[in-house]
Amino acid sequence: MDLMFRSTRNAENRVTASQAVLKGLAEDGGLYVPEQLPKLDVPVEALAGMNYHETAYAVMKQFLTDYTEEELKYCISSAYDEKFDTEEIVPLKKADGTYYLELFHGATIAFKDMALSILPYLMTTAAKKNQEKNEIVILTATSGDTGKAALAGFADVPGTRIIVFYPKNGVSAVQEKQMVTQKGANTCVIGIRGNFDDAQSGVKKLFGDAELGKELDRSGFCFSSANSINIGRLVPQIVYYVYAYGRLLKSGELKAGEVMNVVVPTGNFGNILAAFYAKNMGLPIGRLICASNENRVLFDFFETGVYDRNREFILTSSPSMDILISSNLERLIFRIAGDNAVENAKLMKQLSESGSYSISEEMRERMKDFIGGYATQEETAEEIGRVYKETGYVLDTHTAVASCVYRKYRDRSGDGTAAVVASTASPYKFARSVMEAIDSKYCGMDDFALIDELSRISGTSVPRAIEEIRNAPVLHDKVIEKDQMEAAVKEFLGIK
């Protein structure tokens, strides 16, 4: 029996895995979730002997059941190849008594590569399986990393186009340069005058516009998403937590069945939700520690049971976490509401109309494995400096948030369980913030001079992704108001 997926807002909206990948977002505005979370069918002790490709197949076959073994293995081998600068794909480095899961060895040096390297293959395979005749238009909002990773994944992929919206003044200099220098005749990058939530809300509005959908269809196009709202993004993220457990078994740091804690710097909630799914598949995970920056909407939610985006939006040194509407949280809300689409839809309506909602005590009890924490700008910088001075290991600004939150949790709780921190980006991507946190003497230096100095002090090579943009020409310079997104999409697609 194939595992079916249904919308978090309408239980009657059921689709296959490949249809969910192709659609991205349900027509009713909900997110696709599996009707039940499958179990790993390999014993945990066997994970120690499995490489990344084998682990990926063991996990993904449980969810993507209407893909054949040949199709799925083709997608996996095509995604996790020489695009990654290490055969391990995801190294696990021990520093400061913690295990840092380095998710940044792909083409764009951020964790989004782990899912966005495979999504184009999953999507084009799904298009063939479902006889999709229209050209797929990937529509994506980004807080910095998703945009470049999606662009790199879909550039010049036949039968697709990709449009990325980003907040013009809300990403790092390197993140912006990576996007605006992107090659590919099917790519389009647009800055908006607003923040990430404006971009994300605008994209959701375009997805939900039935008239626009008909207009696209008449012109030979259909929308899909590369954001983490797409189940094809979420499933590949489960893999690296399972792989990390296998690495800890192989190194003797854990015995089979012993639990590990997981710490994730969190913005849109997809990355930590993947760890929650891994736990529900049977992976021995204890605490799920959700680390926020000063945009602490998720911390407050876990503390109070009230989700409230009605607050100041703060630009920080960890821009990929500068988010007040965590889209993937809806999948958790659906789950803790007892898979109740009606109750979930009611809460999401409240969020849309008033900017907040409250959950019941029973629902709070069902998410007790989650612990919230946050780090201020000052604490994040101090953590980068401390870890470097004590160990020589360099953290990026997002990983430093998680590292700081975990250290405070460990000191407060006394919990000595082995902890895996999701290291979500290379420090080279945020070189200015990182280097200034290490030593104030770096203030005022040129961005690429800082990158070269980071290479020297860390003893690591400048990643290929950085070298490629050092002198690359800007190919995308369009900036619009947030209410001009539909017009910009039609212009790129040539729809009058």
Side-chain angles (χ1 to χ4, degrees), residues 98 100-104 108-113 141-149 166-179 195-197 199-200 228 262-272 289-300 309 311-328 372-388 393-409 421-438 442 447 450-451 454:
T98 306
Y100 292 96
L101 186 64
E102 293 188 345
L103 300 171
F104 52 76
T108 73
I109 57 176
F111 83 100
K112 307 293 175 75
D113 288 323
T142 185
S143 55
D145 288 334
T146 287
K148 174 58 183 179
Y166 74 97
K168 174 58 184 166
N169 296 310
V171 300
S172 79
V174 169
Q175 285 177 313
E176 182 172 44
K177 189 81 184 286
Q178 281 188 302
M179 287 189 284
N195 58 42
F196 169 72
D197 288 335
Q200 181 168 252
S228 55
V262 172
V263 192
V264 186
T266 311
N268 221 14
F269 205 74
N271 207 0
I272 196 164
I289 302 169
C290 179
S292 299
N293 62 17
E294 289 184 19
N295 292 290
R296 42 181 270 184
V297 64
L298 286 167
F299 169 75
D300 291 341
R309 65 173 173 84
R311 62 184 70 206
E312 180 189 1
F313 184 94
I314 302 169
L315 292 174
T316 74
S317 61
S318 45
S320 297
M321 299 163 66
D322 291 347
I323 294 172
L324 295 180
I325 305 173
S326 301
S327 290
N328 264 290
Y374 74 96
T376 65
Q377 286 277 79
E378 187 177 278
E379 288 174 324
T380 302
E382 287 173 354
E383 186 74 358
I384 293 169
R386 182 191 69 80
V387 172
Y388 174 70
Y393 190 68
V394 182
L395 306 176
D396 91 288
T397 48
H398 303 73
T399 308
V401 169
S403 184
C404 178
V405 165
Y406 170 63
R407 185 168 46 81
K408 289 193 285 187
Y409 163 77
V421 173
S423 186
T424 54
S426 166
Y428 285 96
K429 205 156 194 173
F430 304 93
R432 178 166 301 283
S433 296
V434 168
M435 294 302 286
E436 290 177 358
I438 288 172
Y442 295 120
D447 283 314
L450 286 170
I451 283 165
L454 173 55

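Worth saying up front: this structure is predicted, and the values here are computed from it rather than measured.
- Contact detail for Tyr374 and Arg296: the closest heavy-atom pair is OH-NH1, 2.9 Å.
- In this structure, Ala141 and Thr146 approach most closely via the heavy-atom pair O-CG2, 4.4 Å.
- You'll find the side chain of Ser426 stays beyond 4.5 Å of the side chain of Glu102, heavy atoms only.
- A distance of 5.0 Å separates CG of Leu450 from CZ of Arg432, quoted to the nearest 0.5 Å.
- With values rounded to the nearest 0.5 angstrom, Asp396 atom CG is found 7.5 Å from Phe104 atom CZ.
- A distance of 9.0 Å separates CG of Asn295 from CD1 of Ile323, quoted to the nearest 0.5 Å.
- Residues Thr380 and Ser318 form no side-chain contact, since every pair of their non-hydrogen atoms from C-beta on lies 4.5 Å or further apart.
- Take Phe313 and apply the ring-ring contact (aromatic ring centres under 6.0 Å, His included) test, not counting sequence neighbours, and it matches no residue.
- At a threshold of 4.5 Å between non-hydrogen side-chain atoms, the residues Val174 and Tyr428 do not count as touching.
- Under a 4.0 Å N-O distance rule, the pair Arg311/Asp300 qualifies as a salt bridge.
- Qualifying side chain to side chain contact (heavy atoms under 4.5 Å, CB included) partners for Tyr388, counting only residues two or more places apart in sequence or in other chains: Val394, Ile438, Ile457.
- Rounding to the nearest 0.5 angstrom, the gap separating the CD atom in Glu436 from the CD1 atom in Ile384 is 10.5 Å.
- Side-chain contact between Met179 and Thr142 is present, with at least one heavy-atom pair separated by less than 4.5 Å.
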Please assess Phe196 against Asp322 for the test side-chain contact (heavy atoms from CB on, under 4.5 Å), listing each intermediate value before the final yes or no.
-> CA-CA 7 Å; Phe196 169 72; Asp322 291 347; over 6 Å; no

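- Between the side chain of Asp145 and the main chain of Lys112, no donor-acceptor pair closer than 3.5 Å is present.
- Side chain to side chain, Ser423 and Thr399 meet the donor-acceptor criterion of an N or O pair below 3.5 Å.
- Minimum interatomic distance between Ala431 and Ile451 (heavy atoms only, all atoms of both residues): CB-CG1, 3.7 Å.
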Test side-chain contact (heavy atoms from CB on, under 4.5 Å) applied to Val401 and Met321, step by step = CA-CA 10 Å; Val401 169; Met321 299 163 66; 3.7 Å; yes

Given Asn328 and Asn268, is the side-chain hydrogen bond (donor to acceptor under 3.5 Å, both in side chains) satisfied, shown in steps?
-> CA-CA 6 Å; Asn328 264 290; Asn268 221 14; 5.7 Å; no

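- A pairwise comparison of heavy atoms in Gly267 and Ser326 identifies O-OG, 2.7 Å as the closest pair.
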Is there a side-chain contact (heavy atoms from CB on, under 4.5 Å) between Thr108 and Lys429 once you walk through the steps?
-> CA-CA 9 Å; Thr108 73; Lys429 205 156 194 173; 4.2 Å; yes

Where do Glu383 and Ser403 land on the side-chain hydrogen bond (donor to acceptor under 3.5 Å, both in side chains) test, with the steps shown first?
-> CA-CA 7 Å; Glu383 186 74 358; Ser403 184; 2.7 Å; yes

Given the rule in the side-chain contact (heavy atoms from CB on, under 4.5 Å) test, do Val405 and Ile289 qualify, once you have shown the distances and angles that lead to the verdict?
-> CA-CA 8 Å; Val405 165; Ile289 302 169; 3.9 Å; yes

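- Smallest separation of non-hydrogen atoms from Asn271 and Ala422: ND2-CB, 4.3 Å.
- In this structure, the separation between CZ on Arg386 and CD on Glu379 is 12.0 Å, given to the nearest 0.5 Å.
- Shown here for Val421 and Ala402, the closest heavy-atom pair between the two residues is CG1-CB, 3.8 Å.
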Mind running side-chain hydrogen bond (donor to acceptor under 3.5 Å, both in side chains) on Ser327 and Gln200 for me, showing each step along the way?
-> CA-CA 9 Å; Ser327 290; Gln200 181 168 252; 3.2 Å; yes

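- Ser143 has its side chain out of reach of Pro319: every pair of non-hydrogen atoms, C-beta onward, lies at least 4.5 Å apart.
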